[in-house]
Structures are given as C-alpha cells and as structure tokens.
There are 2 protein chains.
Amino acid sequence: MTSARSRKSGRARDERPERGIPEATVARLPVYLRALTTLSDSDVATASSEDLATAAGVNSAKLRKDLSYLGTYGTRGVGYDVNYLRYQIAREIGLTQDWSVVIVGIGNLGHALANYSGFASRGFQVAALFDVDPERVGEVVGDLKISALADLEVIVRESAVAIGVIATPAGAAQGVCDQLVEAGVSSILNFAPAVLTVPGHVDVRKVDLSIELQILAYHEQRKAHGFGALEAGAL
Amino acid sequence: MTSARSRKSGRARDERPERGIPEATVARLPVYLRALTTLSDSDVATASSEDLATAAGVNSAKLRKDLSYLGTYGTRGVGYDVNYLRYQIAREIGLTQDWSVVIVGIGNLGHALANYSGFASRGFQVAALFDVDPERVGEVVGDLKISALADLEVIVRESAVAIGVIATPAGAAQGVCDQLVEAGVSSILNFAPAVLTVPGHVDVRKVDLSIELQILAYHEQRKAHGFGALEAGAL
DNA sequence: ACGATTTTGTTCTCGCGTTCACAAACTTCT
DNA sequence: AGAAGTTTGTGAACGCGAGAACAAAATCGT
Ligand SMILES: NC(=O)c1ccc[n+]([C@@H]2O[C@H](COP(=O)([O-])OP(=O)(O)OC[C@H]3O[C@@H](n4cnc5c(N)ncnc54)[C@H](O)[C@@H]3O)[C@@H](O)[C@H]2O)c1
Ligand SMILES: NC(=O)c1ccc[n+]([C@@H]2O[C@H](COP(=O)([O-])OP(=O)(O)OC[C@H]3O[C@@H](n4cnc5c(N)ncnc54)[C@H](O)[C@@H]3O)[C@@H](O)[C@H]2O)c1
C-alpha cells in the first residue's frame, strides 16, 4: 500500500530509497558474498545469476530478486561483475568498515572462537576477551589476554564495541547480557541455551547447537518411521 | 525455448494426511522443551500457555498453535502439565531414544564440541571423533580417542550413526560430507562455511558464525545511519 | 544495421507462518 | 447446581517469502 515506487518513472522527489531489505534476503547476502569471494579468487570476472545461485546453493530467481533489493548491479545478457557486486554487497551489509567484537566466557567454546581466524578475515576484530573466573583472567589466548569482567564497561566503551558474543553457561547469560547492554553493546550473539531479554534497540541472535541436533533428530525419526509402514496407504 | 511448456502437474487428490509438523514449529519445540525442563526443575507442576510463552520468548498464541500440532495435551481453564507435556514433546522430536553422533575435524571447534556436555544430557551420544591429521589421530579428547578417517565407514555402520557433525576447514567439507553419506549418515550438521551438496534423503543444517555476525553488522549499520551521519570518531 | 541470443529485473501467484479473536471446556465460587 | 472466571484450541485474516514466467536490455554474429 505504501510502496509507491513500482513504476520505474524517475520520480526522485523526497522519496527515499527506503533501505529496508527483507530479513530473509539479509541472511543470504553473506552467502552470496562468500560465493563471490571464491569466484574472485579463481579469477572469474563475471558470473550469471545461474552461476552464482549454484555456488550459493539457492534458486537463481531468488538470487536475482535478492540482488534487486540492493540496486541494479547486473548487466542483462552478461551477468554480474564479480568484484563490483562483491563490493556492493559488502557495502550494503556494512563490511566496508571494521567491527569490534568482545567475547565473554572463555571456556571450551570461547577458546575456539577466540582462536578463529575467520573473524578478522571478514572484518570483525576481536577487541577483548572476558571471563569471571580469576584463574582464567590474564591467560593469553591467541594474541589477547583475558580481562576481568569488571573492566568490561571501560573496554567496551573505549573500543567502541558494537557486538558482544556470549559463551558463558546458560545461567550466567542474562547477567552478562545486561552488562553488555549497559556498556553500550547493541548487538549480541548468544551461544548459551537461554532466552535473553533485551531493550528494543538491541538485536540478539542465537546459535544453539542442541536445537540444531534436535531438529535433525526429528527428521531422522520421521525418515525411519514414515517410509517403513505407512507408505502404501494413501487416503 | 518452447512457449507452451507449462505442465501444471495437478497434484493428485489423494494427499496423505501426513503427520507433518511445520518446520517453523519443529524449530521451536526444543525451545519449549528447555523451558519446560527449567520449570520442572523448579518443581512447577502446571503452566499456562502464557507462562510457557514467556519462558520461551515467544507469543502465547504461537505457542498454543505449535502445541496443537502435536495433540491436545492441555486442559482448558488450567494449562499444561509440565512433565506430561515435556514427555510428549520429547517423544515427538525423537528424544526418547538416544542418537549416535560423530564429529569430523577435531581442531579448535571440534575440541570444544567433543568436550561439550550438553550433548549427552539431551540424548546425543558422541560415538567417535575423526581427523585427517596423523598427528591428531590417537589423541584423547574427553573420553574418546580420535580415529583415522579410514575407519569412518566401519565405525559409523557399527554404531548406527545417523548424525554427522562437520568441523573441518571449508575446503574439506564436501569431501567429508560425501564420506559420511557414503557410510550411511543421513543428517549432517555443518560448521564449515561451505555449501554442501547431498542426495535428497540427507538433511543438512548449517551453523555459520560469520553469517550471524554479518547479519548483526547489517542491522548495526542501519541503526547508526538512521540517527543521522555521526562522525566515525571513536575514542 | 539488425535480428538472434542471452540474461537480468520484475510481476504474479501461491503457500506458509504469524497473529487475532472467540467459542468450547474446565475450575472455582456462591 | 449454576454463574463467573480462566485458559485452551482453532478458524480466519493477513503479510512475507519462494518460485515460475516473461518483458526489457544488453551483446554477438552476419
Ligand atoms: N562447547 C560447545 O561445543 C558448546 C556447544 C553448544 C553450546 N555451548 C554453550 O556455550 C556456552 C559455553 O560452553 P563451554 O563449553 O565453553 O562452557 P565452559 O564451561 O567450558 O565455559 C564457560 C566459561 O564461562 C565463564 N563464565 C561463567 N560465568 C561467567 C560470567 N558470569 N561472566 C563471564 N564468564 C563467565 C566460565 O568461567 C568459563 O570459562 C554454554 O552455555 C554452552 O551451553 C557450548
Ligand atoms: N573455531 C571457530 O570458532 C569457528 C567458528 C565458526 C566456524 N568455524 C569453522 O569450523 C571449521 C573448523 O574450524 P577450526 O577453528 O576448528 O579449524 P581448525 O583448523 O582448528 O581445525 C580443523 C581440523 O580439521 C581437520 N581436517 C582437515 N581436513 C580434514 C579432512 N578432510 N577430514 C577430517 N579432518 C580434517 C584438521 O586436521 C583440523 O584438525 C572451519 O571450517 C571454520 O571455518 C570455526
């Protein structure tokens, strides 16, 4: 109802481009970015939507529609310039700037995350590591020293950290979350199996391994049950 | 090509009743299960949809609709019996049986996963660990010894492993995936940033940390722009 | 120059998922 | 027992996303 720019006549009045990209599309852009990077590394200069879609594991119509939300970056009859499109997606996602990240809870998982090189290569700088355990504070992981929780607020503010990663036990997650938010963090990635409550301006995403396994188990169970007995009976 | 090729394959009138639960619901059931477990541990006997929804971080109407796909397990005017509902959900997901899991690629992340106790407590038994690196084979992690990739097929078949976890570098993921599928694994959880191609009967779920961070970055960038262009001066 | 060919950008339709709203079903109070 | 109060289960409305299909725009061959 409100989108009054379906026609392509150049009405560039006060009509803002309205930067809203559908969530489902936002979630796929990083996948396209990865595919483009791979192609670029193989010295592929241009790629069709079909090529890209295959590399990204999606339908080509979906890919084209996704890209159309960003702008008109392709050339009909030719395809997309790999490096140009790569830049445009990166810009859209916000990867032309670096982001500072802190990780809280440096146990099994926290160590793995802190040692992961895939962060920096995508523009995410791990600015600090925190743990509540006095035994752990001071330990060096990667090229960082684990800091005490008490220093969280100062460090977060000084490094302009926008993203916090929670890798503590579930019971501590809400408390840590509150501290991060208090310190000014407005995006949180939560690995703890706990529901976090945050103010409206804060984004939370969760990664829950157990849930993933349970979803797989559900389908696995159905495969086992379904195709055994009641395959013959339709109706 | 041809113009009149629109074969509208009219779906047959049979349509089996198909005990299918919507995917979105399946993904939330584990969350409800967790909330119920927490309530049960607090000796709460019954809970209303409102209580449960709050604990699970969802809308109560959504929760009720989700549960209605499983059956009629609530009592109007009262709510749900916590332990009864917990059992019903567990049964539906397939958690009344144990599942064997193997992890391939015991590096930073693989170690964390192998040491994670949250698996066993939810009915997922880690049956074996694999790595291609001869230096790593034989190393003990948790209470398991890392096996050689060559033994994958035999071990998977002997332990009736249905679920495989891939924690190798991206370049090795497809190869490992093929080996797992070849050995009979039909559900895969992939941590490597790579698109996996599998036969139709195999389920793949991916966990991609970088994508999560990029999605957060996108929203973070939008928040910043919305309030007008502030200078980039941090510190 | 121009038609054949390729491939994008977009429209249209359909199905899924979310949410509202309310009758039905159960409990409690009088 | 009957009225009042609770809470479930679900029908219906609605919005979003997926995919098919196609017109528009670009290149290529002659
Ligand atoms: N390890 C895995 O593979 C894995 C997989 C899925 C989910 N998880 C989840 O990730 C989280 C971390 O798992 P883990 O295996 O690393 O656990 P862990 O016990 O090894 O590490 C937790 C760390 O958090 C620290 N901590 C506790 N309370 C804290 C607080 N208030 N502030 C700061 N630090 C605090 C502890 O000192 C410890 O170092 C858990 O919630 C777990 O359920 C882990
Ligand atoms: N560490 C993290 O926090 C993190 C976060 C997100 C994603 N990932 C992804 O998870 C994967 C593993 O990360 P990591 O940090 O543990 O890497 P890593 O290099 O520490 O470990 C990879 C392991 O896989 C083994 N391996 C390599 N090829 C193999 C093969 N063909 N078969 C079996 N094993 C093989 C290696 O020997 C090594 O032990 C990577 O794809 C990474 O991008 C890791």
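Small disclaimer: the values here were computed from a predicted structure and weren't measured. Chain identifiers are assigned alphabetically (A, B, ...) following the order of the sequence lines, protein sequences preceding nucleic acid strands; residue numbering begins at 1 within each chain.
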Exam field: side chain B/Asp41 to backbone B/Thr38, donor-acceptor pair closer than 3.5 Å: no
Please give, in whole Å, the distance from D/dG19 P to A/Asp66 CG? 11 Å
Which residues pass the ring pair (Phe, Tyr, Trp, His ring centres under 6.0 Å) test with A/Phe191, sequence neighbours left out? none
Spacing between B/Asp51 atom CG and D/dT7 atom P, to the nearest angstrom: 8 Å
Sugar-phosphate only, base, or nothing, as touched by A/Tyr73 at under 4.0 Å among non-hydrogen atoms: sugar-phosphate
Measure CG/A/Leu67 against C1'/C/dT8 and give the value in whole Å, please. 10 Å
Using whole Å, what does the distance between atom C1' of nucleotide D/dG15 and atom CD of A/Glu23 come to? 15 Å
Value in whole Å for how far the P atom of C/dG9 lies from CG of A/Leu70: 10 Å
Whole angstrom value for the distance that separates P of D/dT27 from OH of A/Tyr80: 15 Å
Send over the distance from B/Glu50 CD to D/dT8 P, rounded to a whole Å. 8 Å
Taking every non-hydrogen atom, the tightest pair across A/Tyr32 and A/Leu67: CD1-CD2, 4.3 Å
Output one letter per nucleotide in nucleotides 20-30 of chain C: B when a protein non-hydrogen atom lies under 4.0 Å from the base, S when only the sugar-phosphate is that close, - when neither is. BB-BBBBS---
If you round to the nearest 0.5 Å, how far is CG of A/Asp178 from OG1 of A/Thr197? 8.5 Å
Using a 4.0 Å heavy-atom cut-off across all strands, classify B/Thr25 as base, sugar-phosphate, or nothing. nothing
How close or far is atom P of C/dT7 from atom NZ of A/Lys62, stated in whole angstroms? 22 Å
Between A/Val181 and A/Pro199, is there a side-chain heavy-atom distance shorter than 4.5 Å? yes
Does a donor on one side chain sit under 3.5 Å from an acceptor on the other, for A/Asn83 and A/Ser40? yes
